[in-house]
Amino acid sequence: MTAMTLHARGLIHRWRNRLPVTDATPEISLGEGNTPLVELRGPVEARELGIRVFAKYDGTNPTGSFKDRGMTMAVSKALEAGATAIACASTGNTSASAAAYASRAGVECIIILPAGYVAAGKIAQTILMGAKIIQIDGNFDDALRLVRLLCDESPVALVNSVNPYRIEGQKTIAFEVCDELGGAPEYHAMPVGNAGNITAHWKGYTELFADHTISSRPKMIGFQAAGSAPIVLGYPVEKPETIATAIRIGNPASWQQALAARDQSFGVIQAVTDDEILEAYKFLAKEGLFCEPASAASFAGAWRMIKEGTIEPGSRIVCTLTGHGLKDPTTAGKLASLPDAIPATLEAISRAAGV
Ligand code: F0G
């Protein structure tokens, strides 16, 4: 089937002059990008120091994660090159996004998942959007190694973040932040898994800096889950573990690029514990922002740095909330309990409501 461009105004449309697209590139879009930048009310430790904390709520993308930024580019370019099938390994969000954009483009989608470690919402999305799912007895690192081999030996286009077009699309998050703040923040925090997104954030800021659109670049502050923190430890983790399954990765593909982003920006990559992640997850929910556990790692790390006093007073910190809370209803359900039903009378509900 020849590619056609159906109406949807997404990030290729908005940032066309900053992306490697031409008139020959079909625009496979679901209206991704342009996500809310929301200033938080707290935490109190930040307020006291005049530090402003913002959430870049990328869970509001069409499939509920930042992956759509990269996928609109990767699938559009794959189609331009004549691909009829795409494939990826995934902890769940890349697969949901790949399945959606493949459906949109009318191409086949093959997904390799680590069995038992993908959140329920992500699996449901990926199945219903028509992808072919292959589950393996292995982790994400195994899945990525295998899908790379599969794509090397077949005409199937690989759409993991080792595909440079993924990074191109994802860099637009920096464009949006600078556009809205009228310049770069002092810090940008994000979770780090396979390390494509920290690479993309830094590329976006660096491009704006190079053409003098911004006069400074933020420090990249990246956070891995403590049980899956190879970059922090300095060696691959064979059996990564964390409640934040999205970033349960022991040998990130963009490891070197993450180190470069960290060092060039004078930033840090640190580990946050599952307890810190869950505390941040609950805090963000009370700010009205429901994200998935991995996403809360960005704020968890930033919050700890604020408490430690390593963030200068007056700074602005943007935390990327990479995925929507509804992606992982199981974790949410474990933290939230529903009260028993009561009689359907005004008296009973008044008593229950305490008013
Ligand atoms: N946050 C979420 C919600 C993710 O799904 C991922 C990665 C990350 C953060 C980390 O981003 O890999 O660029 O460092 N998820 C991938 C996936 C691995 O398959 O969905 P990264």
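Each ligand, and each atom within it, is numbered from 1 in the order the structure gives. All values below were derived from every heavy atom in this structure, side-chain atoms included, with hydrogens, water molecules and symmetry-related copies excluded.
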At under 4.0 Å between heavy atoms, is it the side chain or the backbone of [X] that contacts ligand 1, or both, or neither?
X	result
Glu292	side chain
Ile249	side chain
Lys327	neither

Ligand 1 N/O within reach of [X] N/O, cut-off under 3.5 Å:
X	result
Gln170	no
Asn93	yes
Ser95	no

Assess whether a salt bridge exists between Arg47 and Glu39, defined as any Lys/Arg side-chain N lying under 4.0 Å from an Asp/Glu carboxylate O.
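Result for this pair is yes, salt bridge flagged.
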Does Glu176 pair with Arg69 as a salt bridge, N-O distance under 4.0 Å?
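Here Glu176 pairs with Arg69 in a salt bridge, since their nearest N and O are under 4.0 Å apart.
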Gly196 heavy atoms, cut-off 4.0 Å: which ligand 1 atoms fall inside?
13 (O), 14 (O), 21 (P)
[atom] - nearest protein heavy atom and its distance:
atom	value
atom 20 (O) of ligand 1	Thr94 N, 2.8 Å
atom 2 (C) of ligand 1	Thr322 OG1, 3.3 Å
atom 13 (O) of ligand 1	Asn197 N, 2.8 Å

Do Thr172 and Leu19 touch side chain to side chain, with heavy atoms closer than 4.5 Å?
yes
How about Leu30 and Thr72: do any of their side-chain heavy atoms sit closer than 4.5 Å?
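Not in contact.
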Heavy atom of Pro191, distance to ligand 1 below 4.0 Å:
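Yes.
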Ala195 to ligand 1, any heavy atom closer than 4.0 Å:
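It does, in that a heavy atom of Ala195 comes within the 4.0 Å cut-off of ligand 1.
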Heavy-atom distance to atom 8 (C) of ligand 1: which of Ile247, Ile111, Asp58 wins?
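Among Ile247, Ile111, Asp58, the closest heavy atom to atom 8 (C) of ligand 1 belongs to Ile247.
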